[in-house]
Peer 1: 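Before anything else, here's the structure in question.
All values reported here derive from a predicted model rather than from experimental measurement. We name chains A, B, ... by the order of the sequence lines, and we start the count at 1 in each one.
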6 protein chains.
Amino acid sequence: MALVPAADPVVAEVDMGSDTQSVRATVVQASTVFYDTPATLDKAERLIADAATYGAQLVVFPEAFIGGYPRGSNFGVAIGSRSAKGKEEFRKYHASAIDVPGPEVERLAGMAGQYMGKHRKLMPTALERVIWGFGDGSTIPVFETPIGKLGSLICWENRMPLLRTAMYGKGVEIYCAPTADARETWQSSMTHIALEGGCFVLSANQFCRRNDYPPPPDYVFGNREEELPPDSVVCSGGSVIISPSGAVLAGPNYEAEALISADLDFGEIVRAKFDFDVVGHYARPDVLSLTVKDHPLVPVSFASNIKAEGPKKLL
Amino acid sequence: MALVPAADPVVAEVDMGSDTQSVRATVVQASTVFYDTPATLDKAERLIADAATYGAQLVVFPEAFIGGYPRGSNFGVAIGSRSAKGKEEFRKYHASAIDVPGPEVERLAGMAGQYMGKHRKLMPTALERVIWGFGDGSTIPVFETPIGKLGSLICWENRMPLLRTAMYGKGVEIYCAPTADARETWQSSMTHIALEGGCFVLSANQFCRRNDYPPPPDYVFGNREEELPPDSVVCSGGSVIISPSGAVLAGPNYEAEALISADLDFGEIVRAKFDFDVVGHYARPDVLSLTVKDHPLVPVSFASNIKAEGPKKLL
Amino acid sequence: MALVPAADPVVAEVDMGSDTQSVRATVVQASTVFYDTPATLDKAERLIADAATYGAQLVVFPEAFIGGYPRGSNFGVAIGSRSAKGKEEFRKYHASAIDVPGPEVERLAGMAGQYMGKHRKLMPTALERVIWGFGDGSTIPVFETPIGKLGSLICWENRMPLLRTAMYGKGVEIYCAPTADARETWQSSMTHIALEGGCFVLSANQFCRRNDYPPPPDYVFGNREEELPPDSVVCSGGSVIISPSGAVLAGPNYEAEALISADLDFGEIVRAKFDFDVVGHYARPDVLSLTVKDHPLVPVSFASNIKAEGPKKLL
Amino acid sequence: MALVPAADPVVAEVDMGSDTQSVRATVVQASTVFYDTPATLDKAERLIADAATYGAQLVVFPEAFIGGYPRGSNFGVAIGSRSAKGKEEFRKYHASAIDVPGPEVERLAGMAGQYMGKHRKLMPTALERVIWGFGDGSTIPVFETPIGKLGSLICWENRMPLLRTAMYGKGVEIYCAPTADARETWQSSMTHIALEGGCFVLSANQFCRRNDYPPPPDYVFGNREEELPPDSVVCSGGSVIISPSGAVLAGPNYEAEALISADLDFGEIVRAKFDFDVVGHYARPDVLSLTVKDHPLVPVSFASNIKAEGPKKLL
Amino acid sequence: MALVPAADPVVAEVDMGSDTQSVRATVVQASTVFYDTPATLDKAERLIADAATYGAQLVVFPEAFIGGYPRGSNFGVAIGSRSAKGKEEFRKYHASAIDVPGPEVERLAGMAGQYMGKHRKLMPTALERVIWGFGDGSTIPVFETPIGKLGSLICWENRMPLLRTAMYGKGVEIYCAPTADARETWQSSMTHIALEGGCFVLSANQFCRRNDYPPPPDYVFGNREEELPPDSVVCSGGSVIISPSGAVLAGPNYEAEALISADLDFGEIVRAKFDFDVVGHYARPDVLSLTVKDHPLVPVSFASNIKAEGPKKLL
Amino acid sequence: MALVPAADPVVAEVDMGSDTQSVRATVVQASTVFYDTPATLDKAERLIADAATYGAQLVVFPEAFIGGYPRGSNFGVAIGSRSAKGKEEFRKYHASAIDVPGPEVERLAGMAGQYMGKHRKLMPTALERVIWGFGDGSTIPVFETPIGKLGSLICWENRMPLLRTAMYGKGVEIYCAPTADARETWQSSMTHIALEGGCFVLSANQFCRRNDYPPPPDYVFGNREEELPPDSVVCSGGSVIISPSGAVLAGPNYEAEALISADLDFGEIVRAKFDFDVVGHYARPDVLSLTVKDHPLVPVSFASNIKAEGPKKLL
């Protein structure tokens with residue numbers, strides 16, 4: 001997520017909030033330039049600039065926008081076997097990845113404000129477990145900012161009730177849900193989370209066509225029997241902004257790349273929590289208590305580091 | 001919830017499952033005979049018999065079907081004040097309530113099978129907190145039965161992520177959600193829970209018109225400025241059955257009293273958990289752990305009882 | 001409650017104590033400036049100053065003096081329904097609330113001495129459960145001060161025998177009972193508690209007229225059929241100071257806003273406990289034992305916090 | 001306390017209850033025939049018969065009616081000394097005492113119904129500790145009877161909040177408070193207990209003149225400088241019946257021996273608990289829990305008994 | 001692994017040990033009857049009987065022998081997508097799985113001796129993460145038996161140095177390594193582990209041909225472009241037995257299904273540890289210390305269970 | 001190890017890497033000039049120069065190349081006895097040793113680049129414990145250099161799984177394994193470590209004949225019955241370079257002194273870790289965690305030093 005300075009003009013999709021304090025937020029629905037991280041950063045820069053023109057104070061990008069979501073690839077992996085081609089594919093994918101923090105993050109921070117921190121996906125989904133590692137409890141931040149308390153869970157992490165509750169426990173007000181899930185049921189989850197958490201939910205997904213990925217044989221949509229037409233939609237977006245009362249403020253858009261914007265009226269949070277406050281008047285801590293082990297999980301720790309600066313993440 | 005012996009005919013609404021083992025379940029969408037518990041029991045008897053005719057092996061009733069959901073009443077309560085009329089209203093409402101277990105439960109069990117246990121709402125919603133007490137962790141059962149593992153949370157308990165997780169931890173397969181919430185957003189929560197829990201979700205709500213309640217001045221829809229027409233709908237139902245993959249199997253029905261039925265194909269649970277298993281492969285117990293204090297919470301315990309049979313619930 | 005430096009003149013109502021060590025205490029019977037927290041703080045400042053002029057070493061304010069007791073409102077809530085107007089009413093009420101500790105508390109502490117701590121109501125009454133959360137055992141302090149051991153329970157918490165016993169167990173000598181209950185039976189409870197606890201009881205209630213609240217339609221006394229005359233009394237006070245032997249030292253006053261003062265002769269505590277010492281010679285710990293779980297109850301706790309500073313209250 | 005069969009006529013003092021189920025109860029305000037237990041039993045018989053004539057279904061006697069409350073005596077005891085006369089006085093007092101159960105109890109039971117059990121005072125007050133022993137947790141019964149749940153605490157036991165809570169935990173509905181305290185503050189405690197427990201409170205005290213006790217020098221009101229006139233009132237009664245809402249239904253009478261009667265409308269219990277339910281919706285068992293050790297406390301127990309039939313009461 | 005009673009004849013492949021105490025062990029190199037668990041159990045029974053004929057006291061089976069190793073399948077999973085066919089494939093695979101313990105385990109235990117416990121794979125490899133969950137530290141047993149200390153790690157768990165060290169710390173003498181890895185490099189790891197751990201290493205792998213799996217289209221070797229000939233080898237075994245000094249005692253066999261047997265001379269363990277004792281004289285616990293958290297990791301724990309029998313594994 | 005500037009010609013043994021970034025590395029298989037440290041340094045200089053000619057960017061020497069590995073000597077030590085001759089032998093051996101850092105290291109650094117640090121063997125093997133001390137956790141560095149992350153363990157330290165894991169935890173990419181073990185099983189360990197650590201493994205051993213040591217009686221291969229022929233091989237080398245996937249890139253050479261070289265394709269590391277990442281996606285830090293105490297272990301420390309500059313290495 002990125003903070004941008006407010007600017008003037010307002011987009012059509014913006015739902016004008018009430019007279020209480022509000023925040024203008026934009027969700028980016030756009031595709032990575034696959035295997036080309038510098039070009040992806042250029043594109044991010046343009047999108048942030050566009051959003052700023054609309055007055056966006058917050059811009060949320062889809063899951064794996066930098067680095068890319070290798071949709072349709074199976075990286076040559078089957079149970080008990082893997083191919084040399086798949087390994088090379090992974091090497092290239094790895095080469096597109098960035099360090100966080102690192103120079104690319106600094107560039108983004110230069111536009112948006114400052115780098116505040118990161119969240120690493122706690123549990124990858126399905127085949128993602130073959131290409132991504134596992135996060136831990138030390139990177140599930142909720143940032144207190146001038147525009148509210150921001151936090152983010154990624155894709156199906158949003159289905160994890162204990163993890164969401166950790167976010168609620170930290171007081172999240174603007175709950176960002178970058179995703180790669182464009183199915184209709186995703187909308188139900190987004191609405192439910194807004195109601196459950198009493199927070200704004202901003203879900204960003206990529207809108208990609210086949211030709212946003214390298215052409216075959218460089219990049220193959222692995223399990224499909226025949227190659228897709230270049231302009232076929234391989235991820236249809238569905239980015240959306242939902243209020244704490246479950247009202248859809250903007251989106252979902254399943255048509256094209258787009259910036260989805262809305263004004264977030266913070267009075268809605270109090271009105272919603274009047275009804276239901278998940279870690280407040282509706283909690284039963286005497287019966288149900290969640291413990292979040294939020295220290296880094298490291299396989300090897302060195303005594304000298306522990307003393308000097310705490311254990312570092314070595315992955 | 002109630003178990004009934006299987007019978008033959010099939011209702012139109014039933015979605016035929018796959019060739020794997022399946023359970024026919026019926027959700028009752030009907031109104032209490034308010035202030036008349038014997039008549040309500042007679043009605044329950046008829047509804048169970050009808051469902052059995054359709055072959056239902058499980059029948060789920062709405063929240064507070066016995067005793068009634070005193071919709072629209074404010075029991076004469078405002079902040080810092082209460083009226084004698086409201087107190088008398090409560091006395092009458094209390095007189096309609098039943099003990100669980102007790103003779104009325106025995107009668108129902110006589111039709112359905114056997115009394116297995118109860119769930120007491122852990123946290124009542126809003127004004128309910130003035131007329132209902134608070135449950136504890138000792139009555140959130142999941143029953144292992146020949147037709148699967150059954151459990152139930154009531155109304156906005158279904159918004160409590162830690163409580164739902166307790167149900168998932170107990171392995172619930174048929175998740176019953178009796179409710180009094182007929183709003184559209186309720187459907188999102190039901191779909192989300194099915195996906196989150198990898199379980200069937202059966203939500204039962206009453207369908208009531210004004211004249212299902214006693215006429216004024218005996219019963220007043222308290223905060224409304226003028227009396228409602230006798231046939232105006234005061235609770236529009238929305239009962240629904242959803243599969244573990246988030247597919248709507250039957251309902252939602254917002255039209256009338258009805259029996260909503262579907263065949264639950266248990267293969268769907270495994271297929272869904274292949275994707276997402278909330279307390280299985282998708283859990284991160286090393287980071288997130290929920291403790292459920294499931295002993296009875298009693299304000300006064302007597303040493304002699306503790307030894308003989310454990311503490312009793314005294315409320 | 002607030003400590004003020006002693007000053008000279010003595011009010012007429014003061015019952016001159018014995019020749020043993022005594023404390024001059026004042027109970028404030030006054031109304032909040034509703035929906036106007038800064039003005040309420042100004043008023044508190046004036047009242048503390050007046051009490052100090054009388055030599056008060058302790059000033060006790062009524063329940064919810066800061067923020068206001070929203071008497072007569074029903075916040076648009078009936079069983080199973082709530083209105084948009086009620087939600088907005090809650091948002092405004094919430095906006096008048098303060099953090100404890102926080103800047104407003106600092107201002108009060110600036111006048112009175114120092115901020116020592118807080119008590120959060122353990123169990124709200126009736127409709128209060130819709131607008132206030134629930135306290136826990138971690139905020140039922142008794143403060144040891146130069147003028148004696150001070151503690152406070154709020155309104156109907158004073159009806160909770162186990163909670164009172166927790167206060168007695170902490171040795172409370174000056175038992176403050178801010179309330180919103182102006183009924184005559186309240187006096188019986190105050191007298192009983194003084195006898196039961198062998199302590200001084202200081203009960204403070206607001207004295208409010210209809211026009212201490214915003215005029216309709218901004219603020220509606222919800223369940224009343226017709227609007228009240230502006231100067232009608234909606235809370236008649238009844239603030240009182242009672243000695244450990246059950247003697248009324250000052251008040252009850254049902255007439256107007258007032259400062260109720262008395263000198264508390266600490267010799268009375270010993271004289272009373274000669275007769276009855278609830279956690280002393282009259283206790284039967286071999287038969288009756290109360291356990292107070294006085295750790296914070298938190299729905300989500302973070303391991304890193306636990307180590308660094310113990311779990312924080314997140315509500 | 002004693003159960004009597006219902007009869008017809010109604011006394012003037014009876015406050016007519018509502019149309020719900022009610023119980024007619026009578027509180028006896030009368031003096032023991034001191035040092036003459038057979039005569040006291042005769043008097044009890046007459047009083048029960050009178051109450052039955054009024055239709056009383058329940059008759060409550062004052063503290064120590066059988067055996068007598070040796071008011072004014074100091075049994076020759078001062079710190080560090082006792083007199084032979086005082087010892088002889090105690091011997092005579094002891095001779096007037098009865099066994100419970102025993103022949104006198106059987107006679108009473110013959111009139112009232114059946115002997116159900118006893119309560120032994122847990123903690124005697126002041127000089128009582130010189131003539132009476134201490135009860136334990138095994139004799140604080142609440143009896144479930146056709147006219148409701150009956151229990152009793154004696155005199156200043158009623159000031160013990162944990163002991164009262166034990167009674168509430170057992171569900172007492174008709175709370176009997178035989179006493180020897182005729183002070184005005186006693187009324188506050190009775191009212192408070194009714195409100196706190198949501199129960200009817202029936203307090204019975206003796207009305208005695210000097211000449212209800214043996215004349216001097218047989219019986220001396222020990223610490224008084226001069227002998228009292230024979231008809232001076234030494235205990236002025238104050239017996240009273242109070243409803244769960246704190247309303248005084250009958251009494252207090254400070255004038256003479258009397259039967260104080262009232263109809264107890266059980267609907268009042270539900271109406272009162274709607275507001276406040278001390279071990280129900282107003283309990284916080286997660287924070288405050290009382291343990292009652294209700295087994296007999298015996299100084300010597302014999303292993304063979306423990307195994308064969310459990311510990312017996314040896315006192 | 002399974003213990004079988006000793007019998008007489010000796011196979012040709014057996015390397016006769018020294019004159020010290022020895023154990024005859026057999027490693028099974030055979031294929032699952034895929035999707036047919038009863039037939040697989042029959043086959044296991046025959047194999048155990050054959051091994052017993054050779055005098056085997058220990059029989060080690062390959063990874064996933066019961067249930068099957070779904071080699072070559074990709075379960076319809078690609079990044080961001082999965083197919084309905086793949087889900088159904090998983091359902092069928094899941095249906096072939098067994099509970100441990102459970103009836104199938106009982107049957108095996110009936111032949112071998114007794115069920116001692118289980119090890120659940122701590123970290124599945126690559127695509128396995130999509131079909132299998134994750135074990136924890138509570139199931140990495142080393143069993144003390146009459147024939148030595150037995151333990152087992154599965155497939156690439158054997159590459160985990162900390163996990164192996166946990167086994168060494170428990171004193172493993174017969175280290176079983178069921179696997180699905182038939183590559184030559186696997187032999188290096190087996191030799192290294194024998195040297196590192198000073199233990200016997202017994203590695204069992206399946207030998208399978210294409211037609212040990214269901215024919216297409218029921219079962220597809222997913223990432224291969226064209227279907228394999230029915231008799232092509234899809235897993236070539238390589239089962240082997242290695243001594244603590246790194247000497248190959250039997251195998252590896254890459255030719256066919258086989259029973260690989262050897263006599264394990266326990267004197268070899270001492271001889272090897274004279275050189276190198278990984279948790280003995282060669283450890284440097286002052287510098288390097290491994291902590292094994294061997295409690296069960298459970299996402300939800302129930303207080304009542306914790307007390308009664310410890311938390312259960314709910315996955 | 002030593003860094004040398006890149007040069008041109010390529011040796012025949014080099015396995016041409018892929019088109020990704022690669023490093024040319026050379027492993028020296030040569031003998032010390034025993035008891036003659038200056039001559040050994042001259043030889044080292046020649047070997048480094050030769051390697052540089054081949055373009056080597058890294059040159060790895062065998063264990064104890066400077067100072068010599070006193071193979072075959074028993075230093076006159078038997079259990080409970082030692083000889084004067086052995087003591088003198090040790091004095092001479094000690095005289096050949098160098099300080100690190102020191103002038104000899106400076107000379108080597110002059111050729112290679114700069115002195116970066118040292119590793120002291122943590123645990124000597126067998127009789128080595130009589131002539132060498134024990135290292136500690138403060139000298140197990142992994143150096144970040146322009147050609148990758150370099151680290152080294154010596155001889156059977158490579159069998160220590162926790163110590164290797166410390167190296168992996170520091171991110172070693174080029175894992176150097178100087179050794180004195182020329183047995184075949186050593187190859188298995190080297191291959192295993194490459195697979196386990198996902199790193200290049202470079203093992204350097206001396207190739208020595210009898211006459212590389214002083215002639216008898218100056219130097220005796222102590223436990224042999226008869227003197228060896230002068231050209232008999234006493235250490236046959238076996239130096240080798242292995243890729244992260246376990247492929248042998250160069251060697252092993254058991255024939256003669258040699259320079260073993262290979263180009264290390266760093267893409268291989270990513271490809272290998274795609275499969276298995278020992279401290280990354282394959283770690284289970286929640287179950288298994290290694291703590292490395294990497295401060296110097298000193299028997300005597302002086303408080304003033306600790307404060308002024310931290311503990312120094314006193315050995």
Peer 1: Nearest 0.5 Å, please: how far is SG in F/C155 from CD in F/E128?
Peer 2: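 Going from the CD atom of F/E128 to the SG atom of F/C155 covers 6.0 Å.
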
Peer 1: Using non-hydrogen atoms and a 4.5 Å limit, figure out which bit of E/A126 sits close to chain F: side chain, backbone, both or neither.
Peer 2: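 For E/A126, neither part sits under 4.5 Å from chain F.
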
Peer 1: Answer with side chain, backbone, both or neither: which region of E/A283 has an atom nearer than 4.5 Å to a non-hydrogen atom of chain F?
Peer 2: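 Contact with chain F: backbone only.
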
Peer 1: Can you name the one residue among F/R164, F/R159, F/H192 that meets side-chain hydrogen bond (donor to acceptor under 3.5 Å, both in side chains) with E/E196?
Peer 2: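 Of the listed options, the one satisfying the test is F/R164.
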
Peer 1: Just by distance, with hydrogens left out, do F/W186 and F/T179 show a side-chain donor and acceptor under 3.5 Å apart?
Peer 2: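 Looking only at side-chain atoms, F/T179 and F/W186 do not form any donor-acceptor pair under 3.5 Å.
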
Peer 1: Against chain F, label E/N158 side chain, backbone, both or neither, depending on which of its atoms sit under 4.5 Å from a heavy atom there.
Peer 2: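 Looking at E/N158, just its backbone touches chain F.
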
Peer 1: Does the side chain of E/Y282 come within less than 4.5 Å of F/T125's, by heavy atoms?
Peer 2: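 Yes, close enough: below the 4.5 Å cut-off.
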
Peer 1: Among E/D294, E/V278, E/I193, E/T191, which residue forms the greatest number of heavy-atom pairs with chain F at distances under 4.5 Å?
Peer 2: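 Maximum pair count with chain F is reached by E/T191.
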
Peer 1: Answer with side chain, backbone, both or neither: which region of F/Y168 has an atom nearer than 4.5 Å to a non-hydrogen atom of chain E?
Peer 2: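 Just the side chain, heavy atoms under 4.5 Å.
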
Peer 1: Select, from F/G246, F/S189, F/A166, F/G137, the one with the greatest count of heavy-atom pairs under 4.5 Å involving chain E.
Peer 2: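 The candidate making the most pairs under 4.5 Å is F/S189.
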
Peer 1: Got a second to check how far E/R271's CZ is from E/S243's OG, nearest 0.5 Å?
Peer 2: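 Result: 9.5 Å between the selected atoms.
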
Peer 1: Please look at F/V292 and chain E and tell me whether the side chain, the backbone, both or neither of the residue comes under 4.5 angstrom of a heavy atom of that chain.
Peer 2: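 Both backbone and side chain.
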
Peer 1: Quick one: pull up CG in E/L249 and CZ in E/F200 and give me the separation to the nearest 0.5 Å.
Peer 2: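 Here the interatomic distance stands at 6.5 Å.
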
Peer 1: Quick one: of F/L163, F/L162, F/D286, who has the most non-hydrogen atom pairs under 4.5 Å with chain E?
Peer 2: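 Counting heavy-atom pairs under 4.5 Å, the top option is F/L162.
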
Peer 1: Do you know which of E/V279, E/T185, E/L122 has the most heavy-atom pairs under 4.5 Å to chain F?
Peer 2: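 Of the options given, most contacts go to E/L122.
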
Peer 1: Taking the side chain as every heavy atom from C-beta outward, state whether E/S289 and F/T291 have any pair of such atoms under 4.5 Å apart.
Peer 2: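 E/S289 vs F/T291: side chains touch.
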
Peer 1: Can you say whether E/H281 sits under 4.5 Å from chain F via the side chain, the backbone, both, or neither, judging by heavy atoms?
Peer 2: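 Both parts, backbone and side chain.
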
